[in-house]
Number of protein chains: 2
Amino acid sequence: MRVAIDAMGNDQGATPIIDGVKQFLSTYSDTSLILVGRPDVVRTELARVGLSEGEKIELVEASQVMEMKDKVASLREKKDSSIVRLVETVKAGKADAMVALGNTAAAVGATTLGLRHLKGVKRSGIAVPLPSRKGVCVVIDMGANTAAKPEHLMAYAVMASIYAEHVLGVKNPSVGLLNVGEEAGKGNEWLRQTYTMLETAPVNFLGNVEGHDIYEGACDVVVCDGFVGNVVLKASEALASTISLWLKESLLSSVISKFGAVFCQGAFKKLKKRINYESYGGAPLLGVNGICIIGHGRSSANAVYNALRVARESVIVGLNNLISEKLVETQRELELHPIDSNDNCAQPQAV
Amino acid sequence: MRVAIDAMGNDQGATPIIDGVKQFLSTYSDTSLILVGRPDVVRTELARVGLSEGEKIELVEASQVMEMKDKVASLREKKDSSIVRLVETVKAGKADAMVALGNTAAAVGATTLGLRHLKGVKRSGIAVPLPSRKGVCVVIDMGANTAAKPEHLMAYAVMASIYAEHVLGVKNPSVGLLNVGEEAGKGNEWLRQTYTMLETAPVNFLGNVEGHDIYEGACDVVVCDGFVGNVVLKASEALASTISLWLKESLLSSVISKFGAVFCQGAFKKLKKRINYESYGGAPLLGVNGICIIGHGRSSANAVYNALRVARESVIVGLNNLISEKLVETQRELELHPIDSNDNCAQPQAV
């Protein structure tokens, strides 16, 4: 099996990427990697960790990089960027999966344009596994589609359930629809239509859930519009790092707590690991015709390792075949029991 | 001055409310309180803390309670509920402000129906002060209006700015519009219209902000739709309490960290206080024709004290007069420079 990775898409340079590559190759002997990026940079980094091109490592050249500040439209000017070349590698069948890092909007844009959607999918969605009290909660969509229609949200539920079950190992994952109350009639017209569709969809649908349910472990998959998902993910990241910062400041504010903190280092490390969602291995872009895992623009070596790991796992389980089969089933169900769908605007409703 | 409070609206009974009442009365001698609820319950609680009806405490009887599970529609059947009687007390001019606790949807419904809106306001919004790296960030709306139009969002920006400046003491508060990117063209049609309106509104508008900016202190006021605000608030509360839980579990998992934690108690308390938004004193429902502060359904005595404190402060500064004056100015500005407004649906757009 071959997995391709964008060797340039990291805020902190290629070092953590190549460290993650080394960790991955020494763990999994059945997979070779294709590194996409500037040859000089990649070769220097490989030499640093004692690796070189060969049977396990192939280099695909790309002279440009989509920076974090670049808009999606810049893809047109940056045709030799690492993300564009990465997608081409998968499209040409040279790699079975890809790991994109860095500019998420560019990764979504390049992948969707290059690989197109799976049959039956109209919009792809970013599924982010977040830590919850009961283990993990996969939230889809985190920003690929900020005006998701009911049919998009239903496909998200199906795709994220398959990902949770077959890649993350969650048995019969339960699905919640993110809303402002638990009752079936809550939210705007689109959410009410989605609720009705999910009731007959081939997923373990629990009903509406609220913001707190993401972390309290009420369900394994939370389905939402990419606008809400994006805001929640970014707010959560910032809140968690703000709490960590305040904890550090509080501990350093007195000699007594400084002394105590020395003995708590192990506990703080354990906490950090639990909060950190890097261990879940990046966020799959579900619905595109290829395996695409999107990593953070500030990925550590461990995050890169885990992104490669779930990319490999997704290929092994045949993720996209499973998704396609299930979506055909869903489509058949919908044809038997059609649901009236219209594109009404959101209706005002108090929580 | 007189402030009325719902003495029944707490998940944990009237005890924390009366404790907060006692704390308030012993701090502020210029304000008397009106307690609304079941006479037997209120009198028993008052006796417990050595208080009784008199010059500083008046009792308004209400035989019913809007439970947390009650829908807003139940207000019709519960005409003698404490929240309905509370609103009536303000409407009749017997109280200068009210503090509602418990069922937020019921509080918003009863207050909006009973007091109506300030002139020039079409929708009220719940403004929640959240702790941020730079102090406090007021997020409006947290769920009163889940399909906010541009004109509603603009009024939110104006009202929350006044609240932040005059009640929370933030000088020339900066305002951000919650979006999925910083560029002016981001988000759906309504958000783009709101952006244009905010550019000419009498507020210190910084532009679009993202989810992380709430906690990272990028601005003092964040304006958003009540759907997004509600999800973010609930997710944040759950994430913060989940992190606290995990910190405790990690510390208890080894003898060494248990030992160290004994010396860190002061630091942990300091952290808890910083995360806890109770100290900001509840969330004002801005835009209604009266001062209404909404507290949490699980308010502690300290939260009740602070809600009463900001209710008093809002009366002293003449919050609603300040809001009305500024909205007239805004209206005049809009008439001079009208902005085309239409009610288009959200347009699909990737982040």
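Letters A, B, ... mirror the listed sequences (proteins, then strands); counts begin at 1.
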Between [X] and [Y], what is the shortest heavy-atom contact and its length?
| X | Y | value |
| --- | --- | --- |
| Leu239(A) | Ser236(B) | CD2-O, 3.4 Å |
| Phe263(A) | Gly260(B) | CB-CA, 3.7 Å |
| Phe227(A) | Leu178(B) | CZ-O, 3.7 Å |
| Trp246(A) | Pro131(B) | CH2-CB, 3.8 Å |
| Ile243(B) | Leu271(A) | O-CD1, 3.8 Å |
| Asn230(B) | Glu210(A) | OD1-OE1, 4.4 Å |

Quiz item: Can a donor-acceptor pair be found between the side chains of Arg274(A) and Thr242(B) at a distance below 3.5 Å?
Solution: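 No, no side-chain donor-acceptor pair sits under 3.5 Å.
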Heavy-atom distance under 4.5 Å to chain A: side chain of [X], backbone, both or neither?
| X | value |
| --- | --- |
| Thr112(B) | neither |
| Glu249(B) | side chain |
| Ser254(B) | neither |
| Leu245(B) | side chain |
| Asn179(B) | both |
| Ala148(B) | neither |

Residue, of [options], that accumulates the most heavy atom pairs under 4.5 Å with chain A:
| options | answer |
| --- | --- |
| Gly217(B), Cys224(B), Gly211(B), Ser132(B) | Gly211(B) |
| Gly109(B), Ser244(B), Cys264(B) | Cys264(B) |
| Lys269(B), Gln265(B), Glu182(B), His212(B) | His212(B) |
| Ala240(B), Ala267(B), Ala261(B) | Ala267(B) |

Quiz item: Rounded to the nearest 0.5 Å, how far does CD of Glu216(A) lie from CD of Glu237(B)?
Solution: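 One finds 9.0 Å between CD of Glu237(B) and CD of Glu216(A).
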Quiz item: For the candidates Val228(A), Leu130(A), Asp213(A), Val231(A), which exhibits the highest count of non-hydrogen atom pairs separated by less than 4.5 Å from chain B?
Solution: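 Heavy-atom pairs under 4.5 Å are most numerous for Val231(A).
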Self-check item: Winner by heavy-atom pair count (cut-off under 4.5 Å) against chain B, out of Leu233(A), Ile214(A), Leu251(A)
Solution: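 If we count pairs closer than 4.5 Å to chain B, Leu251(A) comes out on top.
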Quiz prompt | Side-chain heavy-atom pair Glu183(B), Lys71(A) within 4.5 angstrom cut-off | solution =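 Result yes, sub-4.5 Å side-chain heavy-atom pair found.
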Exercise. Kindly determine whether Arg133(B) and Ser241(A) satisfy side-chain contact (heavy atoms from CB on, under 4.5 Å), including the steps that lead there.
Key: CA-CA 10 Å; Arg133(B) 290 195 192 180; Ser241(A) 67; 2.9 Å; yes
Exercise. Check whether more than 12 heavy atoms from other residues, nucleotides or ligands sit under 6.0 Å from atom CD1 of Ile256(A), and answer yes or no.
Key: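 Open: at most 12 neighbouring heavy atoms sit under 6.0 Å from CD1 of Ile256(A).
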Quiz item: So which of Ser250(A), Ser257(A), Ser253(A) actually passes side-chain hydrogen bond (donor to acceptor under 3.5 Å, both in side chains) with Lys270(B)?
Solution: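 With Lys270(B) as partner, side-chain hydrogen bond (donor to acceptor under 3.5 Å, both in side chains) holds for just one option, Ser253(A).
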Exercise. Go through the steps to decide whether Thr146(B) and Asn188(A) satisfy the test side-chain contact (heavy atoms from CB on, under 4.5 Å), and finish with yes or no.
Key: CA-CA 8 Å; Thr146(B) 56; Asn188(A) 63 23; over 6 Å; no
